[in-house]
Amino acid sequence: MSRASSTSSRCGGNLTDPQKSKPLRYAIVSDIHSNLEALNAVIAQIDAQRADALLCLGDIVGYGPSPNECCDVLRERDVVAIAGNHDEAAVRAAAADRFNPLAREAIDWTRTQLTPQNREFLAGLPRERRVDGFCMVHGAPVRHFDYIMDVTDAQHAFGRTAEALTFIGHSHVAEVYYQDPAGRTYQQRLLHGGRINVVPEFRYIINVGSVGQPRDRNPQASFALYDVAAQTVEVRRVAYDIERVRERMALAALPELLSERLVSGW
Ligand code: ZN
């Protein structure tokens, strides 16, 4: 597969801060979806692992009961974030037009809750960022809100980018797609976590899974740690207090189905 096709792209939005030394270990979260209990459980693990920087691949809000608290936790930790489709829908009226009725109901509620500061924070998020030689997008390179669900999707996605390492979320399924030098693409699910050794001959699209609404039949929160020196990416799963979130969702009168799916992880 040619890497120089006219549709291929380098990820934009360079992040450079000459004042700070380069992080060695990145904690990468995605699809928090206003689930504060799951986010706090993940943050505790991240602190225990002593990550140097926190990155978020979007969908901070939507579905869950704690949109402001989740924005506040991330902002306090100087998160480097990009926008997901729910973040855009929470701050732009037309962006929710294609949402299903349950997602729409939750985003309408979220709009009524967001503080002006958090609305401004979400509205200011770019759709892609390049950090330390890798790329962050919510769903897929170039077509940011496309879903990568299988090898065919990933093969097309690799064809649209020249990046060696891209981190994604959006499908809420923790997994890795990698492409060999001959252009063949492979998929490995990370339902119970796992470690990926990043080798220079291969290219990678790594889905870090969802913090706040996993859909890979494992209800535990998912996140990743990228160790730059070791060239490893570790996906971890973390148990959290699901019943507590469900109580908050009931108090906010959010749809029951959105609450039930947290239990099954689907
Ligand atoms: Zn999402």
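The analysis underlying the following values was restricted to heavy atoms, covering all of them including side chains, and did not include hydrogens, waters or symmetry mates. Order of appearance sets the numbers: ligands from 1, and atoms from 1 within every ligand.
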*When the ring centroid of F167 is compared with that of Y26, is the distance short of 6.0 Å?*
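Distance test on ring centres: not under 6.0 Å, no.
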*Inspect the surroundings of CD in E120 and state if more than 12 heavy atoms from other residues, nucleotides or ligands are less than 6.0 Å away.*
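No, CD of E120 has 12 or fewer neighbouring heavy atoms, counting only those of other groups under 6.0 Å.
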*Does any non-hydrogen side-chain atom of I46 lie less than 4.5 Å from one of V29?*
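Result yes, sub-4.5 Å side-chain heavy-atom pair found.
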*Test R248 against every option in S259, S34, S66 by the side-chain contact (heavy atoms from CB on, under 4.5 Å) rule and name the one that passes.*
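Exactly one candidate clears the test, S66.
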_Keeping to distances under 2.8 Å, can you name the protein N/O/S atoms close to the Zn ion (ligand 1)?_
D31 OD1, H33 NE2, D59 OD2, H172 NE2
_As a test of understanding, state which of H156, H170, H172, H138 forms a ring-ring contact (aromatic ring centres under 6.0 Å, His included) with Y147._
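Looking at H156, H170, H172, H138, the match for Y147 under the ring-ring contact (aromatic ring centres under 6.0 Å, His included) is H170.
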*Which other residues belong to the hydrophobic cluster containing V245, where Ile, Leu, Val, Met, Phe, Trp and Tyr are joined when side-chain heavy atoms lie under 4.5 Å apart, directly or via other members?*
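Traced through the cluster, V245 reaches Y63, L102, W109, Y240, I242, M249, L254, L257, L258, L262, V263.
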